[in-house]
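Have a look at the structure below before the remarks.
Keep in mind that the numbers below use all heavy atoms, side chains included, and drop hydrogens, waters and symmetry copies. Chain letters run A, B, ... following the sequence lines, proteins first, then strands; residues in each count from 1.
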Amino acid sequence: MTESPTFGATNFIREAIAEDLAAGRFNRVQTRFPPEPNGYLHIGHAKAIVIDFGTAEAFNGICSLRYDDTNPVKEDVEFVDAIKEDIHWLGFDWQDREFYASDYFDRLYAFALQMIRMGKAYVDDLSADEIREYRGTLTEPGKESPYRSRGVAENLDLFERMRAGEFPDGARTLRAKIDMTSGNINLRDPVMYRILHARHHRTGDRWCIYPMYDFAHGQSDSIEGVTHSLCDLAYEDHRPLYDWFLDQLGIFHPRQIEFARLNLTYTILSKRYLKQMVDSGLVSGWDDPRMPTLRGMRRRGYTARAVRNFIETVGVAKKENLIEISLLEHLVREDLNKVALRVLGVLDPVKVILDNYPEGKVEVLEAINNPEDPSAGTRDLPFARELYIDQDDFREEPPPKYFRLAPGREVRLRYGYIIQCQSFVKDERTGRVTEIHCTYDPETRGGYAPDGRKVQGTIHWVSAAHAIDAEVRLYDRLFTLEDPREVNEGKTFLDYLNPDSLKVLPNCKLEPGLRDAAPGGHYQFERKGFFAVDWESTPEHPIFNQTVPLRDSWAKIEGAKNK
RNA sequence: UGGGGCAUGGUGCAACGGCAGCACACCAGACUUUGGAUCUGUGGAUCUUGGUUCGAAUCCAGGUGCCCCAGCCA
């Protein structure tokens, strides 16, 4: 066993673990990722996953998957399957260690009995409202329940009858007997068990009492032999209780360490809010490419490698943070730049006619698949008299520093010829240019000018006769507020939805080879951005999702001028 | 006089008593058959006050600010 991390950067958690090892407190490292199967995983969970699995790996230890399934009314197998799939997609594996808190219900029940016998737990008849009243407030101590002093025998009898189903939901609870005056509210006789006549996705109708998180988590960790239980800052206040149960029970005592959760600009990472958007139809589902869920990001075209790099780069600390989404986008580009095949695609087509190019003639031009990776090879591109280019690449009146096509101007067609604009046709009603007439220079095949003349601009194109039709979906941030948690008085996060988060372009023209692009595939549309083939894409109706646009310095120049 | 936690460029993370560094963002330039990529460069930070020390982001004391906790959710 090594005493210092061998994988990834160090952080305060790894330092603490290294100290534990050095001090002999533990002689191995075991962690766990403990999701509740009540929703889909998002990028915030990815942080927890990378920390849990990555920390174990750094110390040559192991990490398990354990579902925290102690609340049957919120949980479902749909989610347990989806969660496993998403963790695997991220690239982590728990081998045969797929655990469930519900597997420990018998042992947890026995622990509860033990607590009662020790006089450390009692059955309370107070209602939920009364318990809240007795709990006191943040600044005032609580008071003890009149049922707190029940004898062991009576508690045993009542608890057994709770388990047997004699009482309705909410009629009684099992509570730990700790300290109703504690400054830490979690220690004011926390509820250990509640009555819930609900069917559990794994244990069915076997139980009608279920343990609370605080009475299940630490003991589950202990049973599994977890050494380091890494969790959210939210559980910091629960650590004394985590420790207390373990100490009372006298069982193996893991160490809980808390870290700050991830927050992302222009993004909401709350299962409840995400669910609200799904349920109200604001997005198409949990896998909508605009969603910060792992499935949404995957569908959008983000790679697991980029997501992992992002989590590594962001680091681990106890400070509340708000990470700029641009960092994630940078890492997505960095990864895709190395692997995505380059293609030519016209998103907003306008026809270009090469008046001096022979009618019916078709040439085959060679194009490089990925300049960052010579082994990706080349492909053939058909070239003909009629082409499409993007509306954006033509200006009737070109502004300064605009290097693309304009009346009288020359531009290079990528891998093709240098062409010059002679005239254009405009629909006076809409103001839209419908046709551009150009001449091509036959001496410049491949884009090279033998006379050495400089041509500043290079634009992408497709052959009109050969191009395939496709639908392209452009995405932008879901919210207009940098931190959607910080809304103004009387507003909710829904008041800050970005109305332009999705733009569907139904009439795009792409190079012919893209007809058989496999769903999930990554491409770079040159000069435009990275795109992924949507899961619902077919050869008859290809659909591409914009993963992230390329950095566009011209857009920056123009944007700055328009201010 | 509730309890717990956190303060380093715009953002995030380092520096563990010895020249405050890295990434992203930003700005400027070079290069360019993707206005992509790549390369170079500029600017910008230790919450505050006092103390210890030859020397403090780091140690000590006080102050200030921000976050979390009053589910029979996790």
Side-chain angles (χ1 to χ4, degrees), chain A residues 9-11 15 34-36 38 68-71 73-75 124 126-128 131-133 135-142 169-175 181-188 190-196 209-210 212-214 216-217 231-240 258 260 265 271-272 313-331 333-334 337-338 342 344 368 371-372 401-404 412-416 418 444 446-449 455-460 482 524-530 549-557:
Chain A
T10 191
N11 57 51
E15 286 172 6
E36 184 188 15
N38 69 344
D68 242 333
D69 57 348
T70 56
N71 185 3
V73 310
K74 289 190 174 177
E75 298 153 7
D124 196 353
L126 253 29
S127 70
I131 286 182
R132 190 183 326 115
E133 283 171 31
R135 188 154 32 223
T137 69
L138 292 176
T139 53
E140 296 160 325
D169 288 2
R172 294 181 219 265
T173 56
L174 182 70
R175 293 231 256 164
T181 67
S182 173
N184 182 344
I185 287 178
N186 294 302
L187 263 18
R188 318 242 262 230
V191 172
M192 296 162 61
Y193 267 90
R194 74 285 217 191
I195 301 172
L196 241 38
I209 56 170
Y210 292 93
M212 297 287 290
Y213 166 85
D214 286 307
H217 202 93
C231 63
D232 203 285
L233 246 29
Y235 296 96
E236 215 156 17
D237 290 342
H238 293 249
R239 178 153 33 88
E258 313 85 11
T265 56
K271 261 190 215 175
R272 199 176 122 239
T313 303
V314 144
V316 184
K318 297 191 73 158
K319 193 172 69 166
E320 288 284 340
N321 57 76
L322 182 62
I323 313 291
E324 291 176 349
I325 189 86
S326 56
L327 175 60
L328 211 208
E329 291 173 341
H330 163 78
L331 292 162
R333 284 194 195 96
E334 179 182 76
N337 184 49
K338 288 182 285 196
R342 270 59 169 177
L344 303 185
I368 295 165
E372 309 292 323
K401 293 199 175 165
Y402 182 85
F403 302 140
R404 288 118 93 151
R412 173 167 35 239
L413 296 176
R414 172 128 246 228
Y415 302 123
I418 294 171
T444 60
Y448 304 97
V455 176
Q456 271 274 34
T458 300
I459 64 173
H460 58 279
E482 185 169 59
Q524 184 197 104
F525 290 8
E526 291 206 16
R527 304 207 306 133
K528 284 296 176 187
F530 292 100
L550 247 29
R551 293 187 51 188
D552 183 351
S553 49
W554 168 247
K556 201 167 23 176
I557 293 170

Seminar exercise, completed: Per the glycosidic torsion and the 90° limit around 0, nucleotide B:rG36 is anti
Contact class for [X] vs. all strands (heavy atom < 4.0 Å): base, sugar-phosphate, or nothing?
X        : value
A:Thr173 : base
A:Thr265 : nothing
A:Tyr193 : nothing
A:Leu322 : sugar-phosphate
A:Ile323 : sugar-phosphate
A:Ser553 : sugar-phosphate
A:Tyr402 : base

Problem set entry | Toward the 5' end of RNA chain B, by each residue's nearest nucleotide, A:Asp214 or A:Phe525 | A:Phe525
Problem set entry | Residue met sooner reading RNA chain B from 5', once A:Leu328 and A:Gly416 are mapped to nucleotides | A:Leu328
Is there a donor and acceptor pair closer than 3.5 Å between the side chain of [X] and the base of [N]?
X        : N      : answer
A:Glu140 : B:rG2  : no
A:Arg404 : B:rG35 : yes
A:Asp237 : B:rG3  : yes
A:Glu36  : B:rC73 : no
A:Glu526 : B:rG35 : no

What's the gap between [N] and [M] when it is taken at their [atom1] atoms, as a whole Å value?
N      : M      : atom1 : result
B:rG65 : B:rC26 : P     : 34 Å
B:rA14 : B:rU8  : C1'   : 10 Å
B:rU52 : B:rA20 : P     : 23 Å
B:rA7  : B:rC47 : C1'   : 7 Å

Problem set entry | Nucleotide of B:rG35, B:rG3, B:rC73 approaching A:Lys401 most closely (side-chain heavy atoms) | B:rG35
Exercise. Looking at B:rG35, B:rC69, B:rG5, which one has an atom nearest to any side-chain atom of A:Lys318?
Worked result: B:rG5
For this session: Scan side-chain atoms only and decide if A:Ser326 and A:Glu329 contain a donor-acceptor pair under the 3.5 Å cut-off.
Result: no
For this session: Please check if the distance between the ring centroids of A:Phe403 and A:Trp554 is under 6.0 Å.
Result: no
Exercise. Do A:Phe525 and A:Phe530 make the cut of ring centroids closer than 6.0 angstrom?
Worked result: no
Exercise. Where are the stems of RNA chain B, defined as at least 3 consecutive Watson-Crick or wobble G-U pairs with both distances under 3.5 Å?
Worked result: B:2-7 with B:64-69, B:10-13 with B:21-24, B:27-30 with B:38-41, B:47-51 with B:59-63
For this session: Check the distance between B:rC13's P and A:Glu320's CD and give it to me in whole angstrom.
Result: 10 Å
